[in-house]
Number of protein chains: 2
Amino acid sequence: MTTTDWQERLRAQGYRLTPQRELVLAAVERLGHGTPDEILHAVREQSEAVNISTIYRTLELLESLGLVRHTHLSDRAPTYHSTTGPDHVHLKCRSCGEVTEADPELFAPMLESLTVEHGFTVDLGHLTVFGLCGTCGVRD
Amino acid sequence: MTTTDWQERLRAQGYRLTPQRELVLAAVERLGHGTPDEILHAVREQSEAVNISTIYRTLELLESLGLVRHTHLSDRAPTYHSTTGPDHVHLKCRSCGEVTEADPELFAPMLESLTVEHGFTVDLGHLTVFGLCGTCGVRD
DNA sequence: TTCGGTGCAAATTTTTTGCACCCGC
DNA sequence: GCGGGTGCAAAAAATTTGCACCGAA
């Protein structure tokens, strides 16, 4: 593979392209979504270790470049996911822990209402909706 | 004030009514919403200190009783709020940090869509929507 | 009197920082 | 070679836990 767009963008802003940065981004894309610690382990499976501090620093950089984003899929840890592919909103089941991705289109009425009622512009990419999935939520 | 409903419910489940538990609940109601640390300081203003471990343990208990709930108003800390008063969804401005409360009614179409499309039952009380408030979001 | 609850301190867990050395450009 | 980037270890934060003592019922 030749130089990609993001790699050029990285350099255009004075940053350097390092193997660690490539590994972390690749790991996030492979995982779908993961916490810093999960990303660390994913990177290790693929190659030699990258230090956890570098994971944190790299995720911060990648997020500032818009290559990854984070949301909170658990009460305790930030979860990063790649911005490659279509936007989506995360649905997290409180019972089984399953994470599904919903079409942002479903949230259009909400965005409209919040704009009209509160002048509020929603950041859908960061949104995670907690609740019960179809399997866990069945009653009677 | 005489014995309230929650106090009886507490005892009905074998728990004891302690001054710490009353202080923590009062602090949460007074603050509107706050992190464990903010609640600790709020309690201290009102009376003698309560240990931070007790704050954590008490919030967990109060949440299991349904007297308080938590959501995530910042990337890092859980924020507790009392369930007294009407339900509401939190809107958090990424720019100025302001937190506003939105009418759950505005989210009805979203709840409906997620039920239909994913069989997903939303927990609105835990929801916090990030974005830009009317003041910060104005462009041009 | 009996346990559940609290304070305290130590242990964990998660994230951030300082700094010497390394390597991309 | 220069200056940003990384590894390492120590520092900070944020929670959790073990345990002896206290006090609500």
Side-chain angles (χ1 to χ4, degrees), chain A residues 2-4 6-28 33-44 46-65 67-68 70-80, chain B residues 2-4 6-27 34-44 46-65 67-68 70-80:
Chain A
T2 126
T3 305
T4 64
W6 72 268
Q7 296 174 334
E8 288 178 8
R9 195 139 47 86
L10 194 76
R11 281 190 274 246
Q13 296 189 32
Y15 296 116
R16 293 177 183 173
L17 179 58
T18 65
Q20 287 87 338
R21 288 173 178 176
E22 294 185 274
L23 286 166
V24 169
L25 181 56
V28 171
H33 46 72
T35 61
D37 189 62
E38 291 166 342
I39 292 166
L40 172 66
H41 291 304
V43 168
R44 283 183 175 160
Q46 208 66 40
S47 79
E48 81 225 67
V50 166
N51 192 278
I52 184 66
S53 338
T54 299
I55 299 281
Y56 278 102
R57 290 187 281 225
T58 300
L59 287 172
E60 184 177 19
L61 172 67
L62 295 178
E63 185 157 37
S64 77
L65 290 172
L67 296 169
V68 303
H70 83 272
T71 181
H72 300 273
L73 293 180
S74 81
D75 276 347
R76 196 59 146 27
T79 306
Y80 289 82
Chain B
T2 127
T3 305
T4 65
W6 71 268
Q7 297 175 334
E8 288 179 8
R9 195 140 46 87
L10 194 77
R11 280 191 275 245
Q13 297 189 29
Y15 297 114
R16 292 178 183 172
L17 177 58
T18 66
Q20 286 89 337
R21 288 173 178 176
E22 295 186 274
L23 285 167
V24 170
L25 181 57
T35 61
D37 191 60
E38 291 167 340
I39 292 165
L40 172 65
H41 292 303
V43 168
R44 283 182 174 160
Q46 208 64 42
S47 79
E48 82 225 69
V50 167
N51 193 277
I52 184 67
S53 338
T54 300
I55 299 282
Y56 279 103
R57 290 186 281 225
T58 301
L59 287 172
E60 183 177 20
L61 172 67
L62 294 178
E63 186 157 37
S64 77
L65 290 173
L67 295 170
V68 303
H70 82 274
T71 181
H72 300 272
L73 293 180
S74 81
D75 278 347
R76 197 58 149 29
T79 304
Y80 288 83

Measure from [atom1] on [X] to [atom2] on [N] and round the result to the nearest Å.
X: A/Arg21; N: D/dG7; atom1: CZ; atom2: P; result: 11 Å
X: B/Tyr15; N: D/dG23; atom1: OH; atom2: C1'; result: 19 Å
X: A/Ile39; N: C/dT14; atom1: CD1; atom2: P; result: 14 Å
X: B/Asn51; N: D/dA14; atom1: CG; atom2: C1'; result: 14 Å
X: A/Glu60; N: C/dT14; atom1: CD; atom2: C1'; result: 15 Å
X: B/Leu10; N: C/dC3; atom1: CG; atom2: C1'; result: 15 Å
X: B/Gln13; N: C/dG5; atom1: CD; atom2: P; result: 11 Å
X: B/Asp37; N: D/dT15; atom1: CG; atom2: P; result: 9 Å

- prompt: Which heavy atom in B/Leu40 sits nearest to a heavy atom in B/Val50, and how many Å separate them?
  reply: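 Looks like CD1-O, 2.9 Å.
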task: Return the minimal non-hydrogen interatomic distance between A/Leu10 and A/Leu17, and the atom names on each side.
output: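 Reported closest heavy-atom pair: CD2-CA, 3.6 Å.
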- prompt: More 5' along DNA chain D: A/Ile52 or B/Arg76, using each one's nearest nucleotide?
  reply: A/Ile52
- prompt: With nearest nucleotides of DNA chain D determined for B/Arg57 and B/Pro78 from heavy-atom distances, which residue corresponds to the more 5′ nucleotide?
  reply: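 The residue closer to the strand's 5' end, by nearest nucleotide, is B/Pro78.
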So, does [X] get its side chain near the phosphate of [N], meaning an N or O under 4.0 Å from OP1 or OP2?
X: B/Gln20; N: C/dG7; value: yes
X: A/Tyr56; N: C/dT16; value: no
X: A/Thr54; N: D/dG7; value: yes

- prompt: Of all the nucleotides listed (C/dG7, C/dT16, C/dT15), which has the minimum atom distance to the side chain of A/Ser53?
  reply: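 Closest nucleotide to the A/Ser53 side chain: C/dT16.
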field: From C/dG5, D/dG5, C/dC25, nucleotide with atom closest to A/Leu17 side chain
entry: C/dC25
- prompt: Using 30° and 60° as the class limits, which term best fits the ring planes of A/His72 and B/His72: parallel, tilted or perpendicular?
  reply: parallel
message: When you measure only distances, ignoring hydrogens and angles, does the side chain of A/Arg16 come within 3.5 Å of the base of D/dG4 through a donor and an acceptor?
response: yes
- request: Count the heavy atoms belonging to other residues, nucleotides or ligands that lie under 6.0 Å from CD of A/Glu22, then report whether that count exceeds 12.
  value: yes
field: Residue pair A/Asn51 / A/Ser53, side-chain donor-acceptor N/O under 3.5 Å
entry: yes
Toward the 5' end of DNA chain C, by each residue's nearest nucleotide, A/Thr18 or B/Pro19: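 Its nucleotide being nearer the 5' end, the pick is B/Pro19.
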